[in-house]
Amino acid sequence: MTDPRPTASRSRATEIWPLIHAERAALAADLDGLTAEQWATPSLCAGLTVREVLAHLTAGASLNAVRWMAGVLRCRFDFDRQVAVRLAEQLGAAPDETLERFRRIVPSETKPPLPAIAMLGETVVHGEDIRRPLGIRSGRPVEVVTQVAEYYRNSDMVVVAKGRIGGLRLVADDGPFTTGSGPLVSGPTLSLVMAMTGRATHCDDLDGDGVDLLRSRCGTA
């Protein structure tokens, strides 16, 4: 009997890529016209400005599995160094160049050895890492963010998410997402996703007896 899983995986990726492209396009539009000061704003990624996070997204969309592995080997399996090197490659000489490089990868389907849903998660989360400090409120389709939440609740692949929410019950108040059991954490799906991935500031958007515990776990590996 033929294994249906590879075909199912390809079909799933085909559905995900248009969502990734739409998220990238929306982010590029939101960042058009930023001042130099805004580009230098600290993001929600520790130690990175919003401009550097954008370059990181460009880097992720420019690396296939072969180039990713070559970089890992060159950096002697120091993954943080690999991220820093690839980010620097895509930063450009000025913010306008950083944004233009990102615009060029909006339709890209190049990726490291990760599932397409992980790339969607990276785009949604890092987009919010950029938008929130800039005060940009750009609504994400709840159906898209729900898919990201469903992925992270079962995964510690890219960031610790599944482990971070262990023993808690998460319930979205703007969509169908719910997971786990234990003290309640409720709020917008996007805020749940951001807290799941370690962004403590988004715990301010959440309610329930489990919020303090979740907040204490943010920022941990």
Side-chain angles (χ1 to χ4, degrees), residues 4-32 43-45 50 53-65 68 83 86-87 90 98-132 134 136-162 165 170-179 187-199 202 205:
R5 287 174 293 181
T7 300
S9 177
R10 285 194 297 272
S11 176
R12 173 70 167 155
T14 300
E15 296 172 357
I16 294 295
W17 280 115
L19 306 181
I20 296 171
H21 301 156
E23 287 295 317
R24 290 172 179 164
L27 180 59
D30 283 344
L31 300 182
D32 190 33
S43 74
L44 297 186
C45 288
V50 297
V53 174
L54 192 69
H56 170 67
L57 281 172
T58 303
S62 305
L63 287 175
N64 59 23
W68 179 85
V83 168
R86 295 306 189 183
L87 184 159
Q90 299 297 338
T98 308
L99 182 55
E100 181 55 33
R101 290 184 180 197
F102 180 73
R103 286 194 180 111
R104 288 200 294 265
I105 60 86
V106 164
S108 171
E109 294 188 5
T110 300
K111 66 179 181 65
L114 294 169
I117 185 65
M119 296 295 287
L120 179 61
E122 286 272 290
T123 308
V124 169
V125 170
H126 286 318
E128 183 69 3
D129 285 338
I130 290 169
R131 289 184 176 100
R132 178 101 172 196
L134 293 173
I136 297 172
R137 296 291 184 263
S138 182
R140 312 265 54 78
V142 70
E143 299 84 1
V144 173
V145 184
T146 298
Q147 291 189 56
V148 174
E150 292 288 350
Y151 167 68
Y152 280 130
R153 77 183 180 95
N154 289 317
S155 176
D156 288 329
M157 180 184 293
V158 179
V159 294
V160 174
K162 178 182 177 181
I165 63 173
L170 274 59
V171 178
D173 63 10
D174 62 347
F177 177 70
T178 181
T179 189
T189 311
L190 179 60
S191 296
L192 291 173
V193 165
M194 297 302 290
M196 289 165 72
T197 56
R199 278 65 175 177
H202 282 77
D205 304 336

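No experiment lies behind these values; they were computed from the predicted model shown. Basis for what follows: all heavy atoms, side chains included, without hydrogens, waters or symmetry-related copies. Heads up: numbering here begins at 1 and tracks the sequence.
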**Student:** Does a salt bridge link Arg131 with Glu128, judged by any charged N lying under 4.0 Å from a carboxylate O?
**Tutor:**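 Judged by the 4.0 Å cut-off on N to carboxylate O distance, Arg131 and Glu128 do not form a salt bridge.
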
**Student:** What's the spacing between Met119 CE and Arg24 CZ if we round to 0.5 Å?
**Tutor:**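 Met119 CE to Arg24 CZ: 5.5 Å, rounded to 0.5 Å.
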
**Student:** Examine distances only and state if a side-chain atom of Ser108 and a backbone atom of Ala61 form a donor-acceptor pair shorter than 3.5 Å.
**Tutor:**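 Yes, the answer is positive, given that a donor and an acceptor are paired below the 3.5 Å cut-off.
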
**Student:** If you round to the nearest 0.5 Å, how far is CG of Leu170 from OG1 of Thr179?
**Tutor:**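 These two atoms lie 7.0 Å from each other.
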
**Student:** Mind checking salt bridge (Lys or Arg N to Asp or Glu O under 4.0 Å) for Asp156 and listing every partner two or more places apart, or none if nothing turns up?
**Tutor:**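 With sequence neighbours excluded, Asp156 shows a salt bridge (Lys or Arg N to Asp or Glu O under 4.0 Å) to no residue whatsoever.
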
**Student:** How many angstroms lie between CD1 in Ile130 and CG in Asp30, if you round to the nearest 0.5 Å?
**Tutor:**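 One finds 10.0 Å between CD1 of Ile130 and CG of Asp30.
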
**Student:** List for me each residue that meets side-chain contact (heavy atoms from CB on, under 4.5 Å) alongside Thr197, sequence neighbours excluded, and say none if there are none.
**Tutor:**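 Result, side-chain contact (heavy atoms from CB on, under 4.5 Å) vs Thr197: Val125, Tyr152, Val159, Arg199.
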
**Student:** Please enumerate all residues that pass salt bridge (Lys or Arg N to Asp or Glu O under 4.0 Å) together with Glu109, with sequence neighbours excluded.
**Tutor:**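 In terms of salt bridge (Lys or Arg N to Asp or Glu O under 4.0 Å), with neighbours along the sequence ignored, Glu109 is linked to no residue.
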
**Student:** If the threshold is 4.0 Å, N to carboxylate O, is there a salt bridge linking Asp32 and Arg103?
**Tutor:**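 So Asp32 pairs with Arg103 through a salt bridge.
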
**Student:** Got a sec, which pairs hit ring pair (Phe, Tyr, Trp, His ring centres under 6.0 Å) with one end in residues 112-132, sequence neighbours left out?
**Tutor:**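 Sorted result for residues 112-132: His56-His126.
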
**Student:** Just to verify, what does His202 make a ring pair (Phe, Tyr, Trp, His ring centres under 6.0 Å) with, not counting sequence neighbours?
**Tutor:**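 Scan of His202 (ring pair (Phe, Tyr, Trp, His ring centres under 6.0 Å), adjacent residues dropped) gives none.
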
**Student:** Could you check whether any side-chain heavy atom of Val145 comes within less than 4.5 Å of a side-chain heavy atom of Val142, counting everything from C-beta outward?
**Tutor:**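 Answer no - side chains too far apart.
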
**Student:** How long is the gap from CZ on Phe102 to OG1 on Thr58, to the nearest 0.5 Å?
**Tutor:**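 Here the rounded value is 6.0 Å.
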
**Student:** Glu122: what forms a salt bridge (Lys or Arg N to Asp or Glu O under 4.0 Å) with it, not counting sequence neighbours?
**Tutor:**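 Not a single residue meets the salt bridge (Lys or Arg N to Asp or Glu O under 4.0 Å) criterion with Glu122.
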
